[in-house]
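Below, all heavy atoms of this structure are taken into account, side chains as well, without hydrogens, waters or symmetry copies. Proteins come first, then strands; the chains are lettered A, B, ... in the order of their sequence lines, and each starts at number 1.
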Amino acid sequence: MSDRRLPRLLQSPAVILLLIWMLIPLGMTLYFSFIRYVLNSLRRPEWTKPALSNWRGFGNYEFVLENKDFLLAIQNSLFIVCSILFLTVILGVLIAVLINKAFPGRGIVRVLLISPFFVMPAVNAVLWINMILDPVLGLQGLAVAGINDLISSLQNAPVVGWFFSLWPQFEPISFRATQTSAIAVIMMVTWQWTPFAVLIFMTSLQSEDQQQKEAAILDGAGAWSQFRFLTLPHLARPIAIVVMIQAIFHLSLYAEIEIVSRGNGNKNLPYLIGEFANNNIGAASATGIFAVILANIVAIFLLRMIGKTLME
Amino acid sequence: MGRIQLEKVSKSFGDVEVIPPLDLTIEDGEFAVFVGPSGCGKSTLLRLIAGLEDTTSGKVLIDDADVTQVSPSKRGLSMVFQTYALYPHMTVRKNIAFPMRMAGLSEDEQEKRIMAAAESLNLTDYLDRKPGQLSGGQRQRVAIGRAIVRDPKAFLFDEPLSNLDAALRVGMRIEITEMHARMKTTMIYVTHDQVEAMTMADKIVVLQAGVIEQVGSPLELYSAPKNLFVAGFIGSPKMNFIEGDEASKHNAKTVGIRPEHIDVVESGGAWTGTVGVAEHLGSDTFFHVHDTGLAETLTVRALGNVALNHGDTISLSPRVNEMHRFDDQGLRIA
Ligand SMILES: Nc1ncnc2c1ncn2[C@@H]1O[C@H](COP(=O)(O)OP(=O)(O)OP(=O)(O)O)[C@@H](O)[C@H]1O
Ligand SMILES: [Mg+2]
């Protein structure tokens, strides 16, 4: 027996389990995406059972590509994911750098900052869309109404009244509308996931070498230069991790989209899969394969970009 | 120019006074070495000069200008850290260029100075590597290169060689000494290595618990230590201290005699004892002598190889004119 064989043998259960774990769902999705497979069909009852005799080739893919919602869903997926990544990384770095300095009450501030991460996504969505963003009853509605009341009362004030009578009435924005529902989703998910970024960046900042900072201070680097040339490169890897993990999570956003607008105007790929899966499993599987490809492209693209810009 | 003066400088961390008010002047072009046991405040003193720590009270002057409130980068000093503190994401070239880039020097000037520094430090082949791909000695050279290109008024070194192995340490020690001889820039060098202090310094500053025990040239400290602490700290192996009758004979509370000032004689020496550990180095032999009735152990250094071993009786003859006498307070009696 060669030296290698025993370790390989001992590793194999884990490796095989992981392969099965990954390959079976992927294999089934691939298989379903090439056959006709629907849940209900009175006209063609043979399609309700998955079978090779229902082979459709790339028919499902063509069907999906021709669907008017498909391109929109891809665009929307990318828009939502990239916006969330952009915002969480920037906010995360800013907040992490801010709370990295010692100040009274830092412990409590840190706990409070992390807390949004422990809210369930569906609850988070309901809270935001109903209590914060609602144009009438939410904080937004109340704030806009308050501002309008204040302006109209100031319009009757003596001396400055003419100035305020030039001001318009403010209109609250409805975040359930076609054009804005994606924005609402981005806001709520950013709020929920920024703490994750903060947490990762904070731990990384703590391992930053203080002597390098001191050397940079002596070399004449100001606060910005220190941040740009030392802190940001130091954070490049954690940023890559945050981007990777979030990209994977947010490409599969579902609850928020369902709760905000039932997919009205801001379907993403998972939502489209969900709609197809109401009946057409074949098309849903084909969309799933597109989603896998998209996720890979996004991940590779983002990682390249981060590596280039931050590592100099 | 680079004359550094400390006037009544003190430093406390919270309630703990690490450095009580002290005065010190380092002349332009001098190579000053701070030595002292671990935790005595050497690094703190250096960081006070660099401006990385704020003084609790007192003034720091560089070339007679008060820089106590001046930011570290404006003081015109370069520092080399024990851990090198290179920027890990930048190549050697960019590391060395960094201070010049911050100062806004032209690309041409930067390149010129980088090449000059790289040549004098033997770094030309490594300019495009990252610090992670260099050996400890090469990293230290890069750190020195980064310090040189700023053309500072003074260099501050905080134990720059303590992470290197013994052979490299000797080499770098000589390089730094040569660099000083060539550039004639003020250097302040922190170490707890005796040999570095003795060989490199124009002026040694011996510190204990933040207090300056003595300032002087290496040979002054060796031949006329002001007190017991300096006497015990400078010199290797350590000076022997003898109290009691033998000390009273010389009208002192304590007398000290260095191992190299006790001669091993055939017989009839003033002192006799039994050899404990004998260290035969070839060039020298060190004896740890017990049962002399003077002190627990006497360390004796004999030139060349002396064929005495563990348990042998040894006869010793101290050179009385090389003895150091100390009073009740541990201060030197002239
Ligand atoms: N930031 C700080 N806060 C509190 N105490 C400190 C701080 N920095 C240093 N000290 C204390 O000041 C004293 C002197 O420290 P310093 O680093 O100057 O010693 P050192 O002589 O350089 O020692 P070593 O040879 O081990 O480097 C030590 O007792 C240390 O605990
Ligand atoms: Mg130190």
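Enclosure of atom CE in B/M179 by more than 12 non-hydrogen atoms of other residues, nucleotides or ligands within 6.0 angstrom is indicated. Summarising the local packing, CG of A/L10 is surrounded by more than 12 heavy atoms from other residues, nucleotides or ligands at distances under 6.0 Å. Within a 6.0 Å sphere centred on CZ of A/F301, other residues, nucleotides and ligands contribute 12 heavy atoms or fewer. Atom CD of A/Q206 has more than 12 neighbouring heavy atoms from other residues, nucleotides or ligands inside a 6.0 Å radius. Atom OH of A/Y254 sits in a crowded spot, with more than 12 heavy atoms from other residues, nucleotides or ligands closer than 6.0 Å.
Between the OG atom in B/S78 and the CG atom in A/L218 there is a gap of 7.5 Å [rounded to 0.5 Å]. One distance of note links CG of B/D158 with CD of A/E214; it measures 10.0 Å at 0.5 Å rounding. Rounded to the nearest 0.5 Å, atoms NE2 (B/H89) and CG (A/L232) are 10.0 Å apart. Between atom CD of residue A/Q212 and atom CZ of residue B/F81 there is a gap of 10.0 Å, rounded to the nearest 0.5 Å.
Scanning residues 118-126 of chain B against chain A with a 4.5 Å heavy-atom cutoff picks out nothing at all. Residues of residues 43-54 of chain B having a heavy atom under 4.5 Å from any heavy atom of chain A, listed by number: B/R47, B/A50, B/L52. Residues of residues 141-150 of chain B lying under 4.5 angstrom from chain A, judged on non-hydrogen atoms, are B/R146, B/R150 by number.
Evaluation of the ring pair (Phe, Tyr, Trp, His ring centres under 6.0 Å) rule for B/H180 yields B/F31 as partners, not counting sequence neighbours.
The choice from B/P88, B/P152, B/A103 that makes the most heavy-atom pairs within less than 4.5 Å of chain A is B/P88.
Taking the six-membered ring for Trp and the full ring otherwise, the centers of A/F229 and B/F98 sit less than 6.0 Å from each other.
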